[in-house]
Amino acid sequence: MTVLVPTMGSLHRGHQALIKRARELSKDVIVSIFVNPLQFENKEDLEKYPRSPQLDIELATLAGATEVWFPEYEDIYPGAIETLSAGSIGSLYEGESRPAHFDGVLTVVNRLFEMVKPTHAVFGEKDYQQLFLIKKIAKKVEIVSVPTVRSGSGLALSSRNIRLSESEREWASIISKALTAASLEKSVESAQRTLDDLLAQEKAFTKDYGVIIDEKDFSIATQMSQKKRGLVAGWINGIRLIDNMPMNAGHQS
Ligand code: PAF
């Protein structure tokens with residue numbers, strides 16, 4: 001049994017939780033570290049993406065990785081490759097703001113699966129839409145998900161957080177505060193209102209989207225949706241942050 005943990009490096013406790021979960025499944029845990037240009041629509045974002053290979057090796061090994069693999073661009077994309085399409089769900093929310101982002105994610109994940117041939121692969125719930133789309137394309141690989149790891153203030157851990165100052169981190173915690181408050185509401189309507197109101201309170205946060213979706217198909221949730229989830233994305237000082245949480249909102253049993 002081989003478990004793959006695909007990452008773009010700049011590892012943190014969130015990645016370590018994925019690696020630890022992988023290690024519970026198998027003693028053969030490969031962590032791939034590849035900053036995939038295909039999933040960056042913005043050249044500056046790609047250039048500024050944090051990189052710390054030496055520390056990554058240490059953190060991955062400490063968490064239980066048996067191999068840390070840094071493929072080269074040519075290994076992943078040796079000429080003509082099959083580009084995957086994320087379809088209509090891939091163009092919603094995160095995909096609306098970042099056209100072709102999910103096509104790039106699915107293409108690289110598919111290539112990593114082809115090369116490593118893992119039995120399992122572990123991904124974080126923080127990138128919830130990504131997780132959903134990967135589950136759809138994974139035919140021979142079992143996808144295991146791990147809950148989001150948060151800092152003391154509730155901020156979802158992300159490699160991009162390294163670019164936030166201390167005050168910016170404080171301001172960014174409005175995202176998890178708003179999602180938590182919305183998750184306790186009794187209806188979709190009140191959850192949406194709470195989410196909107198709280199996100200608007202933090203002037204340093206520029207909202208991209210804040211929606212309550214039906215987990216089944218990412219449509220806007222109705223009261224009848226079995227499983228509802230709040231998705232939020234936006235920017236603090238130009239740095240993009242995303243998060244999500246399950247919503248209670250009058251759970252239908
Ligand atoms: O979540 C990430 O870090 C990336 O999108 C992934 C899955 C490693 C693909 O490049």
Side-chain angles (χ1 to χ4, degrees), residues 3-22 29-43 45-53 55-57 59-60 63 65 67-77 81-86 89-91 93-95 97-116 118 120-138 141-150 156-163 231 233 239-244:
V3 187
L4 175 66
V5 184
T7 81
M8 296 204 298
S10 191
L11 301 188
H12 49 67
R13 283 190 295 117
H15 295 108
Q16 287 189 301
L18 306 184
I19 300 167
K20 284 179 188 156
R21 181 73 189 97
V29 175
I30 302 178
V31 175
S32 63
I33 299 187
F34 178 66
V35 182
N36 173 35
L38 247 59
Q39 70 188 76
F40 287 83
E41 67 294 340
N42 178 330
K43 201 164 169 275
D45 196 24
L46 172 63
E47 274 158 15
K48 284 194 176 159
Y49 199 83
R51 289 162 172 86
S52 51
L55 187 60
D56 286 348
I57 296 173
L59 293 177
E67 187 183 333
V68 185
W69 176 46
F70 291 85
E72 295 293 333
Y73 182 89
E74 293 71 25
D75 299 329
I76 303 283
Y77 302 122
I81 41 126
E82 187 196 355
T83 309
L84 270 65
S85 161
I89 296 182
S91 58
Y93 315 119
E94 206 52 20
S97 289
R98 309 182 64 189
H101 167 68
F102 287 122
D103 294 351
V105 169
L106 296 187
T107 300
V108 77
V109 167
N110 185 48
R111 277 296 294 141
L112 292 167
F113 287 179
E114 276 176 1
M115 293 172 81
V116 177
H120 298 70
V122 185
F123 295 88
E125 276 179 17
K126 188 190 142 264
D127 297 295
Y128 195 75
Q129 199 177 353
Q130 163 175 290
L131 175 65
F132 178 93
L133 292 166
I134 290 172
K135 280 183 180 162
K136 288 242 173 278
I137 59 142
V141 181
E142 192 171 321
I143 305 301
V144 177
S145 63
V146 172
T148 304
V149 178
R150 299 177 181 282
L157 296 196
S158 159
S159 304
R160 287 194 170 88
N161 293 358
I162 212 164
R163 291 168 57 198
L231 306 180
I239 299 158
R240 188 170 180 84
L241 300 168
I242 68 170
D243 199 355
N244 69 86

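No hydrogens, no waters, no symmetry mates; every other heavy atom, side chains included, goes into these values. Read the numbers this way: they start at 1 and go in the same order the structure lists the ligands and their atoms.
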* Report the relative orientation of the aromatic rings in Phe113 and Phe123; use parallel for angles under 30°, tilted for 30 to 60°, perpendicular for over 60°. => perpendicular
By side-chain hydrogen bond (donor to acceptor under 3.5 Å, both in side chains), Glu94 pairs with (sequence neighbours left out) Tyr209, Arg240
Residues pairing under salt bridge (Lys or Arg N to Asp or Glu O under 4.0 Å) where one sits in residues 127-137, two or more places apart or in two chains, turn out to be none
Exercise. Stepwise, does the side chain to side chain contact (heavy atoms under 4.5 Å, CB included) test hold for Thr148 with Arg150?
Worked result: CA-CA 6 Å; Thr148 304; Arg150 299 177 181 282; 4.1 Å; yes
Report task. Look only at the side chain of Gln16 and the backbone of Leu59, and say whether a donor-acceptor pair between them is shorter than 3.5 Å. Result -> yes
Sorted by chain and number, sequence neighbours left out, side-chain hydrogen bond (donor to acceptor under 3.5 Å, both in side chains) with Tyr77 holds for Asn36
Report each N/O pair between ligand 1 and the protein that falls under 3.5 Å, naming both atoms.
{"unit_1": "ligand 1", "atom_1": "1 (O)", "unit_2": "Gln130", "atom_2": "NE2", "d": "2.9"}
{"unit_1": "ligand 1", "atom_1": "5 (O)", "unit_2": "Gln39", "atom_2": "NE2", "d": "2.9"}
{"unit_1": "ligand 1", "atom_1": "5 (O)", "unit_2": "Gln130", "atom_2": "OE1", "d": "2.7"}
{"unit_1": "ligand 1", "atom_1": "10 (O)", "unit_2": "Gln39", "atom_2": "OE1", "d": "2.6"}

